[in-house]
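The structure under discussion appears below in the form of C-alpha cells.
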Amino acid sequence: MDWGMQNRISQIIKPKTGRTVMLAVDHGYFLGPTSHLENAKKTIEPLIEYADALMPARGVLRADVDPGTSTPIVLRVSGGNSIVGEDLTREGITTSVEDALRLNVAAVAMSIYVGSKYEHQTLMNLGNLVNECERYGMPVVAVTAVGKDMVRDARYLALCCRIAAELGAKIVKTYYTDDFQTVVEGCPVPIVVAGGKQMNTEMDVFELVHSAISEGAVGVDMGRNIWQNEYPVAMIKAVRAIVHENFTPRKAMDLYNSEKEK
Ligand code: R5P
C-alpha cells in the first residue's frame, strides 16, 4: 500500500490500538433534518474532539465543521435518494474525488445495496470510485446499506462485506449481528459497525459495541446512539473506553454515569 493511502487509514484507525470511533453525522443526505441533527453544528461541536474521525456529507462539512479541526474527515460521497423517494437503494456518486481532495479528507464513504434492484449500479459505483481514488491514495469506506425488506443476518452481511472488500474498499462499515465472527472472518479488510436506530438503553449500546469489538470489529461508525442520547459526551466517552481500552459494558456504564454528572 502506498504511503499516502496508509497515512490516511492511520488517521482513522489509530495505530496505537488498531481501533477507531467514527462519529457518523451524514444522515441528512437522505433523511433530511434527523432528530438531534437539525442543527448539525450544535451537535458536532461538543463531540468532535472525542471522535477519531467524523463522517459528514459535503454540505454539513462545509457549513458546520470548523476547518481548524484536527479530527480527520470521512466524507460521504454517495446519495441521490431520499426516505420519501421511489427507491432508497438507487444511489449514485454525488461528490467528486477532486472535491474530496480539496476538502482534505482522510477517506470517502459510499453505500452499496446488495440484493436490491440497484445492486449492480451501487457495486459499479464502488468499483469506479475505488479506481479513481487509488490514483490519489484515497481510501474508500464501503457502507453495506440494507434495503427496507432485507434481513441483517450474518450470511447476508458476510456476503455484502466480502463483495465490498473484493471491489477494493479499504474499510467496510456494516451492522452487528448474531454470529458476527462469520462476517469478520470472511472480510479481508477492517470492519466498523454502525449503531442503527436509538436503542432502548445505554447498556444495550455498550453491549453491542463490546460484542462487535470482541468478535473482531476494529471499531464503530456510530451516530444516533451517541447524539440522540441525553448525554452525548458521556456516551461517546463510554463508547471510546470500550473500543480503545477494552472496558466491559458494566464499566462503560459506570463511566457514562459519572460523566453525565459533569
Ligand atoms: C446511514 O446510512 C448513515 O450512513 C449512518 O452513517 C449510519 O447509519 C451510522 O449511523 P447510526 O449509528 O445512526 O446508524
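All values derive from a computational prediction rather than experimental measurement. Start at 1 and go down the list; that is how both ligands and their atoms are numbered.
With sequence neighbours excluded, no residue forms a side-chain hydrogen bond (donor to acceptor under 3.5 Å, both in side chains) with Gln228. For Ser70, there are no side-chain contact (heavy atoms from CB on, under 4.5 Å) partners at least two apart in sequence or on another chain. Scanning for side-chain contact (heavy atoms from CB on, under 4.5 Å) contacts around Lys42 gives Asn39, with sequence neighbours left out.
Contact residues of ligand 1 (protein heavy atom closer than 4.0 angstrom to a ligand atom; sorted by chain and number): Ala24, Asp26, His27, Phe30, Arg76, Lys173, Ala194, Gly195, Gly196, Asp221, Met222, Gly223, Arg224.
Inspection of the Tyr29 and Glu91 side chains reveals an N or O donor paired with an N or O acceptor under 3.5 Å.
In terms of heavy atoms, Ala106 sits closest to Gln11 at CB-OE1, 3.7 Å.
In this structure, Glu230 places its CD atom where only 12 or fewer heavy-atom neighbours from other residues, nucleotides or ligands lie under 6.0 Å away.
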